[in-house]
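Shown next, in structure tokens, is the structure this report addresses.
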Amino acid sequence: MAIGAFSHGPSGVTTDATVQRSSRIAWLLLLPGIAYLILFFLVPLASLVMTSFQETIPGGFIGEYQNAFRWENYVEVLGLYGEHTMRSFLYAATATIIALIIGYPLAYFIGVKLRRFPLLQSLALVLVIAPFFISFLLRTLAWKQILADEGFVVATMKTLQLLPDDAHITGTAISVVFGLAYNFIPFMTLPLYTTLERLDLRLVEAGSDLYANPFTTFVKVTVPLTMPGIISGTLLTFIPAAGDYVNASANFLGSTSTAMIGNVIESNFLVLQNFPHAASMSLILMSAILVLVATYVKKSGTEDLL
Amino acid sequence: MVRNLPEDPIVRELVQHARKAAMSRRALIGGAVGTASVLSLAACAPGSTELVPAEDISATDKTVKWANWPLYLDEDDAGNHPTLDAFTAATGIAAEYLVDVDDNNSYYAKVKDQLALGQDIGADTVCLTEWMASRLIRRGYTQKFDLANMPNHANLVDTLKNPDFDPGRAQSLPWQGGFAGIAYNTEKIPNGVNSVDELWTSDLKGRVTVLSEMRDTLGVIMLAQGADITSFTSDDFYAAMDVLEAQVGSGQIRNVKGNSYSEDLVSEDALAAIGWSGDITLLNYEAGYEKWKFVIPESGATFWNDSFIIPIGSAHKTNAETLINYYYDPAVAAEVAAWVNYVTPVKGAYDEAIKIDPELANNKLIFPDDETLSSVHVFRTLTDAEENEFQAAFQAVLLG
């Protein structure tokens with residue numbers, strides 16, 4: 001269809017020859033994209049799948065594997081790292097919900113309340129994006145210092161008896177989820193902003209005209225209208241958060257009890273050099289996310305967004 | 001499957017490529033067909049083919065590339081390395097210093113495929129911790145030194161002359177060494193921590209961090225249990241693993257990490273640690289006073305060394321040997337020691353260091369005396385099977 005639309009020449013007369021030529025041009029234009037996908041997506045993916053089925057060479061050195069069909073790799077990693085997988089999705093889901101709770105009012109304020117002040121609106125948007133100007137590794141390390149045992153946050157909370165005396169924040173699930181939520185809030189806010197910015201306020205007004213209270217109007221009018229933003233925001237947060245290995249790493253906000261899938265893959269790949277396990281973990285992560293996202297999109301009835 | 005390769009480098013490379021390709025095709029079939037072909041493959045697995053060192057072009061190409069760890073060579077404010085510049089001025093060999101090594105395992109993961117093919121890894125000499133250097137030697141990934149180019153080779157301290165993996169130091173030579181022992185915050189723990197058991201007391205709960213370098217953490221714990229880490233058994237290892245696992249599980253040990261444990265000491269998340277000697281010297285220097293103290297526990301500490309090796313694919317072997325020889329000059333070694341704060345393996349460096357800075361020369365962690373040296377031990381070399389098994393057990397604790 002796209003090619004048909006492409007074929008209308010200036011004369012308006014469509015002959016077989018011109019259709020053929022322009023279809024060739026269309027394919028030619030697609031070529032770099034297709035080549036890119038084959039080279040940088042399909043080939044590495046195939047290599048990953050092959051690696052995930054490899055087995056050790058009897059008597060071979062560390063990190064040396066040969067091609068085989070060793071499906072037990074998958075069973076082994078699920079047994080070894082099932083807990084880490086569940087933990088990853090739990091952390092990512094919690095962080096996504098927190099980011100939504102913080103990001104939605106923020107986006108609403110910028111997109112709706114600041115609509116009459118374009119200058120302030122742009123300024124607020126710049127502020128949302130501003131953290132990206134500093135490496136997120138540095139920002140995460142900064143949080144580690146702020147939340148440190150002798151830092152003012154912990155000291156204040158202990159004084160207020162919000163934390164027991166021997167408790168700490170860094171290296172716990174709380175600091176990891178906090179870090180994930182913090183790092184992904186802009187990814188949640190920006191798509192929400194784009195839908196809220198286009199929200200037709202006359203519809204909200206109509207809601208109150210029909211005697212709905214503000215809460216009912218919000219639930220029945222605003223939320224459904226901004227659903228596309230909520231869906232893309234949560235996906236943009238959840239998917240990278242589930243595979244994140246920085247926040248949960250012992251060098252940043254995590255510890256030995258907070259390792260997520262990303263940390264498992266890193267350890268298997270770089271330290272243990274167990275490439276088959278690392279590859280099968282990666283594929284499990286990919287397929288789990290694919291299934292979760294597909295179900296989510298289907299349930300929320302927004303297939304046409306994708 | 002050991003056949004001599006042709007002399008001509010181009011033909012040689014082609015043959016090596018062809019062998020590699022043939023092997024991977026067979027590996028593919030092998031996997032599908034079954035064990036019979038797998039067994040035949042094992043005979044010609046990569047690594048069992050004898051590698052041939054690259055042809056040395058040092059005479060015509062006066063360059064050398066040296067890959068090393070961060071903060072491991074004297075550096076002035078402009079980012080130059082004074083001792084290295086002096087080397088270039090004296091020999092006419094242009095040296096390129098690359099800070100490429102951040103972790104033994106990940107560096108190895110990066111270069112192992114080239115090494116297995118006998119190709120250049122982008123460095124003519126690299127300093128790796130001895131257990132990793134020994135792995136490279138075991139696999140034939142290194143070139144033998146020509147000692148005629150290295151008269152200063154004799155300046156190596158006696159204690160390091162005959163390691164089990166390279167007796168007589170024919171293909172590895174220590175660059176710097178250090179100890180893993182206990183470090184603690186002197187302000188928060190005025191009574192100090194002098195043994196491993198004192199790390200597990202209740203007032204340090206959640207305030208202890210240990211190293212993610214398996215040999216150092218478990219070495220220190222094994223020593224505390226009375227095991228000899230130069231010849232320990234699998235039982236000794238697992239007895240120490242049990243302690244680590246229990247202390248991590250109970251939350252006594254808050255974290256297990258690499259170089260960044262020093263950040264935890266600074267932020268005071270950790271008040272005590274199993275850490276490295278040179279770091280503590282540097283932290284105190286930055287703090288301006290002796291805020292942290294490094295102690296060798298009574299039961300002993302581990303002693304590790306990072307050693308020069310010349311990878312099989314280096315085409316500048318003579319230049320690399322000239323460079324290593326230069327750093328074995330006691331005066332040069334003293335100049336480096338004054339900057340990096342680790343243990344120098346060069347005899348006579350102490351006498352030179354006294355001339356530069358007497359206080360430095362009397363630091364037992366930089367110039368250890370016999371008493372200090374008798375309380376530190378080198379973790380024995382592991383076989384590949386042990387390495388796999390022990391690392392898997394250790395990583396399982398790290399991942400929780």
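Chain letters run A, B, ... following the sequence lines, proteins first, then strands; residues in each count from 1. For clarity, every value in this text was computed on a predicted model and none was experimentally measured.
The local environment of CG in Asp164(B) is crowded, with over 12 non-hydrogen atoms from other residues, nucleotides or ligands closer than 6.0 Å. Phe132(A) CZ: more than 12 foreign heavy atoms inside a 6.0 Å radius. Heavy atoms from other residues, nucleotides or ligands lying under 6.0 Å from CZ of Phe178(A) number more than 12.
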Subject >> Stepwise side chain to side chain donor-acceptor pair (under 3.5 Å) check, Asp216(B) with Trp276(B) >> reply: CA-CA 9 Å; Asp216(B) 287 327; Trp276(B) 287 308; 2.8 Å; yes
Original post:
Given Tyr36(A) and Phe41(A), is the ring pair (Phe, Tyr, Trp, His ring centres under 6.0 Å) satisfied, shown in steps?
Top reply: CA-CA 8 Å; Tyr36(A) 180 88; Phe41(A) 179 69; 9.9 Å; no
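Note: Trp131(B) and Phe379(B) fail the aromatic proximity criterion, with ring centroids not under 6.0 Å apart.
Options Arg254(B), Lys110(B), Lys112(B), Gln395(B) differ in how many heavy-atom pairs under 4.5 Å they form with chain A, and the most are formed by Arg254(B). Considering only heavy-atom pairs separated by less than 4.5 Å from chain B, the leading option among Ala250(A), Ser249(A), Ala259(A), Gly254(A) is Ala250(A). No other option in Glu83(A), Gln145(A), His84(A) has as many heavy-atom pairs under 4.5 Å with chain B as His84(A). In terms of heavy-atom pairs under 4.5 Å with chain B, the best-connected choice from Gly171(A), Ser267(A), Ser257(A) is Ser267(A). Per-residue heavy-atom pair counts under 4.5 Å with chain A were compared for Arg135(B), Met214(B), Lys205(B), Arg138(B), and the maximum is reached by Arg135(B). Of the listed residues (Lys257(B), Glu387(B), Glu263(B)), the one with the most heavy-atom contacts under 4.5 Å to chain A is Lys257(B). Chain A forms the most heavy-atom pairs under 4.5 Å with one residue out of Leu398(B), Asn105(B), Asp103(B), and that residue is Asn105(B).
The shortest side-chain heavy-atom distance between Ile309(B) and Gln171(B) does not fall under the 4.5 Å cut-off.
Phe237(B) and Phe390(B) have parallel rings, their planes meeting at less than 30° on a 0 to 90° scale where 60° marks the start of perpendicular.
Contacts of Arg70(A) with chain B are absent, with no heavy-atom separation under 4.5 Å from either backbone or side chain. Heavy-atom distances place the side chain of Tyr81(A), and not its backbone, under 4.5 Å from chain B. In this structure, chain A has a heavy atom under 4.5 Å from the backbone of Val397(B), while its side chain stays farther away. Only the side chain of Leu141(A) comes within contact range of chain B, judged by heavy atoms closer than 4.5 Å.
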